[in-house]
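Everything on this sheet refers to the single structure shown next.
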Amino acid sequence: MIQLVWFRMDMRVHDNPALFHACQQGQPVLAVTCLTQQQWQQHGLGQRKWQLLINSLHGLQQHLHDLNIPLLVLNSGDFHSSVDDVKALIQRLASSDMPVSDVNFNLEYEVNERKRDIELQRWCQQQNIGVNKFHDQCVIPPGEVVTRQQQPFKVYSPFKRAWWQQFDRYNQAPLAIPQPPVDAITPDLQDIVKELSAALPAAENDPLWNCHELAVHEQLEEFLQHRARYYADTRDFPASPGTSSLSYALSLGLISPRQCLYTAWQKNGCQLSGGKAGLASWINELIWREFYRHLLVAFPQLCKHHAFKPETEGVPWRTSAAAERDFQAWCEGKTGYPIVDAAQRQLLDTGWMHNRLRMISAMFLTKHLLIDWRRGEAFFNQHLVDADLASNNGGWQWSASTGADGAPYFRIFNPTTQSQRFDSAGEFIARYVAELATLPAKSRHQPNSLECQQNQYPTAIVEHKFARQRALDAFKQTMAEANNDAVQPSLIE
DNA sequence: TGCCTCTTCGG
DNA sequence: CGAAGAGGC
């Protein structure tokens, strides 16, 4: 009997619960992964991250090979055909007298992903094949952090308090690399793998994002040793390397959140808050990540890009031809607001954007340009190497004030003030907006400065004061209408 | 994980 | 006339 491990967004052998469990059963272990590029495109994910996934698979395949576990690669198209392909694999193994005892995998929480897993599980039950599912994307599984009324939290700080209280029950050292039984892989099984496995597309090294899981461990170690202590003070300044930059690795599952949290918790004297301010602050960001994942599971409409606050669906997002030109300018980093353009160009150049800039840029699109947050969400999703539905949606709905615990609609960032505050030396702007690099630092923040225009930098596509008022009016009116609708019944009485 | 405007007060 | 605080959005 064979233990099958289906790899998805868990591109690692360390602290991998599904793999670990499979290896403990004293049976041969076979790994399989499905390349679902068509599904990937339907989900609006981009090429750069796709290549990182391929790169990760090369490392994973090598690691698994060292453990005497073959990794079978299937070319599947979409999720539905991936289920068919895994079924076919199981049948092929059975017909060669190598029946699968259990299918093991780590859960993904998005709607299509869960449908896929349910489809497979139904079939496995009919065939008397075990299905072992594991939680590895959150330290505390979604659904386990609830209010006294057993309801999901909609606000971050009470969620965090409840999460803290549960942490002890789930906190544990990362699982070691498993040890599969020796000589478990028969020549017959090797033959089937050779016969069925598609060629893995070539790895193309991305100099910015290392997809080898041991390199990611080193990155975590380096961050915690040398930079985490300054995190609270540097994390908001995009010009300095204050953040861990591990988001891409978490999104691909090159490292587990449990390993990140356990290690940080340990380095912080075994506490989540208090201790060293930098570590506590980083831990807090990891809990935000948990919060957004828990929300996505508790409110599956989020997967379909519905606003968390239904009344905000009435905001009159601009759709004119002018708005279209504005959107294009935003995408290309040509809005005439230096900090916004620097942010967008960082995304296009590197596949990543600093978190402070994500807030500034998202707020500029949704408030100053009054363009639907879903368009920005889709653009980020297309270009971010750390693209992740829960975190990206959570961040966008926060900025757009449509979210569970979003910024109040009237808290509109002033891009110039933010720029002066968080890039005071104009260092980050200079790095990504070449037109402004030669200006004195203090002249790099303001849109429409004379020097800007001499350097062929775009004039601002919208004026701040006007745009701010337009957004305030639009939201105020939408909220008032929603309120009226709500009190209508009592008026009729 | 604001920003703006208005007001007051000391220089 | 700049700083600092209050209150509204």
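Below, chains carry the letters A, B, ... as their sequence lines are ordered, and counting in each starts from 1. These numbers come from a predicted model, not from an experiment.
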For [X] and [N], give me the distance from atom [atom1] to atom [atom2], rounded to whole Å.
X      : N     : atom1 : atom2 : answer
A/I339 : B/dG2 : CD1   : P     : 17 Å
A/I412 : B/dT5 : CD1   : P     : 13 Å
A/Q418 : B/dG2 : CD    : C1'   : 8 Å
A/K367 : B/dC4 : NZ    : P     : 14 Å
A/E463 : B/dC4 : CD    : C1'   : 14 Å
A/F422 : B/dG2 : CZ    : P     : 8 Å

- Is there any ring-ring contact (aromatic ring centres under 6.0 Å, His included) pair reaching into residues 419-455 of chain A, and which pairs are they, with sequence neighbours excluded?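 Qualifying pairs: A/F237-A/F422, A/F428-A/Y432.
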- Query: Under 3.5 Å, is there a donor-acceptor pair between the side chain of A/N381 and the main chain of A/N392?
  - Reply: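 No; judged by distance alone, with no hydrogens or angles, the pair does not exist.
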- Pairwise salt bridge (charged side-chain N to carboxylate O under 4.0 Å, His left out) hits with a residue in residues 382-404 of chain A, at least two apart: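 Sorted pair list: A/R293-A/D388, A/R358-A/D386.
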- Message: OP1 or OP2 of B/dC3 versus the side-chain N and O atoms of A/H464: is any pair under 4.0 Å?
- Response: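 Answer no for this pair, as no side-chain N or O of A/H464 is under 4.0 Å from OP1 or OP2.
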- A/N414 side chain near B/dC4 phosphate (N/O to OP1/OP2, under 4.0 Å):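 So the side chain of A/N414 is within the cut-off, an N or O lying under 4.0 Å from OP1 or OP2 of B/dC4.
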- Query: Less than 6.0 Å separating the ring centroids of A/W164 and A/F167?
  - Reply: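 Here the rings of A/F167 and A/W164 have centres that are no less than 6.0 Å from each other.
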- If you check every side-chain atom of A/K465, which of B/dT5, B/dT1, B/dC3 has the closest atom?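 The closest nucleotide is B/dT5.
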Nucleotide N/O to protein N/O under 3.5 Å, stretch nucleotides 2-9 of chain C:
none

- Sequence-distant partners of A/E332, salt bridge (Lys or Arg N to Asp or Glu O under 4.0 Å), two or more places apart: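 Expected list: A/K334.
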- A/Q346/A/W352 under side chain to side chain contact (heavy atoms under 4.5 Å, CB included): CA gap, chis, key distance, verdict: CA-CA 7 Å; A/Q346 178 181 43; A/W352 184 81; 3.8 Å; yes
- Message: Using 30° and 60° as the class boundaries, would you call the ring planes of A/W398 and A/F413 parallel, tilted or perpendicular?
- Response: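 Rings of A/W398 and A/F413: perpendicular, over 60°.
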- Task: Could you check whether the rings of A/F327 and A/F379 sit parallel, tilted or perpendicular, using 30° and 60° as the cut-offs?
- Result: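 Rings of A/F327 and A/F379: perpendicular, as their planes differ by over 60°.
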- DNA chain B-proximal residues of residues 351-366 of chain A, any heavy atom under 4.0 Å: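 Output list: A/R356, A/M359.
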Acceptor/donor pairs from residues 149-156 of chain A side chains to any protein atom, 3.5 angstrom cut, sequence neighbours excluded:
residue: A/Y156; atom: OH; partner: A/N284; partner atom: O; Å: 3.1
residue: A/Y156; atom: OH; partner: A/N284; partner atom: OD1; Å: 2.7

